[in-house]
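All values reported here derive from a predicted model rather than from experimental measurement.
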Amino acid sequence: MLRIHLDHLKEKSLSLDMAVPAERFPILRRMMQAGECGFAGPISIRLKAIRIGELVEVDGECDASLRLTCGRCLREFTSPVQFVFALTYAPEPPAAAVERSVPLRPGDEDAGLLGFHGDTIDLHEG
């Protein structure tokens with residue numbers, strides 16, 4: 001569901017607007033299992049992806065409604081959360097796709113680049 005197929009970016013940008021259950025994101029699933037928070041509904045995601053040469057830039061925003069517990073009175077409350085994100089993906093060399101410990105290219109980790117291989121970018125991993 002949260003995948004971008006590079007074929008869709010050959011001629012134009014791609015815009016997506018979706019609602020995704022929090023359980024679909026590994027880090028959010030771990031937070032819920034640990035009792036750190038819950039979600040009152042799906043996460044609303046709006047994003048735009050554009051291909052610039054070999055790079056793919058993804059800009060977007062997420063809205064969610066968190067269920068938390070007050071540390072003082074222990075009552076549950078709901079708090080809206082909104083954040084924006086900007087991700088840049090670069091193709092991984094074939095060896096780096098197998099060995100995740102290998103940087104994309106020297107200096108890429110400092111540039112904030114995320115890697116992908118093949119013709120699909122999985123946004124769950126970003």
Side-chain angles (χ1 to χ4, degrees):
M1 178 181 232
L2 281 172
R3 293 188 179 163
I4 296 174
H5 296 277
L6 297 182
D7 289 344
H8 297 152
L9 293 174
K10 284 186 178 181
E11 310 256 338
K12 58 184 179 190
S13 65
L14 174 68
S15 295
L16 298 172
D17 192 355
M18 66 194 85
V20 181
E23 298 82 24
R24 297 282 309 267
F25 297 93
I27 192 164
L28 298 180
R29 186 173 48 245
R30 285 191 298 272
M31 289 173 66
M32 290 185 295
Q33 290 170 344
E36 296 174 20
C37 69
F39 291 85
I43 297 171
S44 175
I45 302 170
R46 289 165 304 286
L47 61 87
K48 182 176 182 178
I50 188 167
R51 191 170 188 171
I52 302 170
E54 288 189 343
L55 301 177
V56 176
E57 291 188 358
V58 179
D59 296 311
E61 76 180 48
C62 294
D63 293 300
S65 187
L66 288 174
R67 281 195 320 257
L68 303 165
T69 302
C70 176
R72 200 180 323 159
C73 68
L74 301 179
R75 288 188 187 184
E76 191 174 276
F77 67 97
T78 303
S79 178
V81 175
Q82 181 181 52
F83 65 93
V84 296
F85 60 90
L87 306 169
T88 302
Y89 290 87
E92 290 182 336
V98 176
E99 283 184 48
R100 287 288 182 182
S101 61
V102 177
L104 297 172
R105 289 177 285 268
D108 281 353
E109 63 278 358
D110 296 329
L113 295 176
L114 300 167
F116 72 90
H117 60 279
D119 60 354
T120 304
I121 296 174
D122 186 351
L123 296 174
H124 284 108
E125 297 174 5

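The side-chain hydrogen bond (donor to acceptor under 3.5 Å, both in side chains) analysis of residues 28-43, with sequence neighbours excluded, yields no pairs.
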query = Going through the checks in order, is the side chain to side chain contact (heavy atoms under 4.5 Å, CB included) test met by Val56 and Ile121?
reply = CA-CA 9 Å; Val56 176; Ile121 296 174; 3.7 Å; yes
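Summarising the geometry, atom CG belonging to Leu47 is positioned 4.5 Å from atom CG belonging to Leu16; distances are rounded to the nearest 0.5 Å. If you take CG on Leu55 and CG on Leu87, they are separated by 12.5 Å, rounding to the nearest 0.5 Å. Atom CD of residue Glu57 and atom OH of residue Tyr89 lie 12.0 Å apart, to the nearest 0.5 angstrom.
Summarising the geometry of Cys37 relative to Leu68, their closest heavy-atom pair is CB-CD2, 3.6 Å, with the distance given to 0.1 Å. Across Glu54 and Pro91, no two heavy atoms sit closer than the pair O-CD, 3.4 Å. Among all heavy-atom pairs drawn from Arg67 and Ala40, the shortest one is NH1-CA, 3.6 Å. Taking all atoms of both residues into account, the shortest heavy-atom contact from Leu113 to Ala90 is CD1-CB, 4.2 Å.
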Which donor-acceptor pairs under 3.5 Å do the side chains of residues 70-86 make with protein atoms, sequence neighbours left out?
from: Gln82; atom 1: NE2; to: Glu61; atom 2: OE2; distance (Å): 3.1
from: Gln82; atom 1: NE2; to: Asp63; atom 2: OD1; distance (Å): 2.9

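Through side-chain heavy atoms spaced under 4.5 Å, either directly or across other Ile, Leu, Val, Met, Phe, Trp or Tyr residues, Ile50 is tied to Ile52.
Counting only heavy atoms from C-beta outward, the side chains of Met32 and Phe39 approach each other to under 4.5 Å. With contacts defined as side-chain heavy-atom distances shorter than 4.5 Å, the pair Ile45/Cys62 qualifies. Looking at heavy atoms from C-beta onward, Leu6 lies in side-chain contact with Arg51 at the 4.5 angstrom threshold.
Among Asp119, Leu14, Thr120, the one residue that satisfies the side chain to side chain contact (heavy atoms under 4.5 Å, CB included) test with Ile4 is Leu14.
A salt bridge links Arg3 and Asp122; the closest N-O separation between the charged side-chain nitrogens and carboxylate oxygens is under 4.0 Å.
Between the side chains of Arg46 and Ser44, at least one donor N or O lies within less than 3.5 Å of an accepting N or O.
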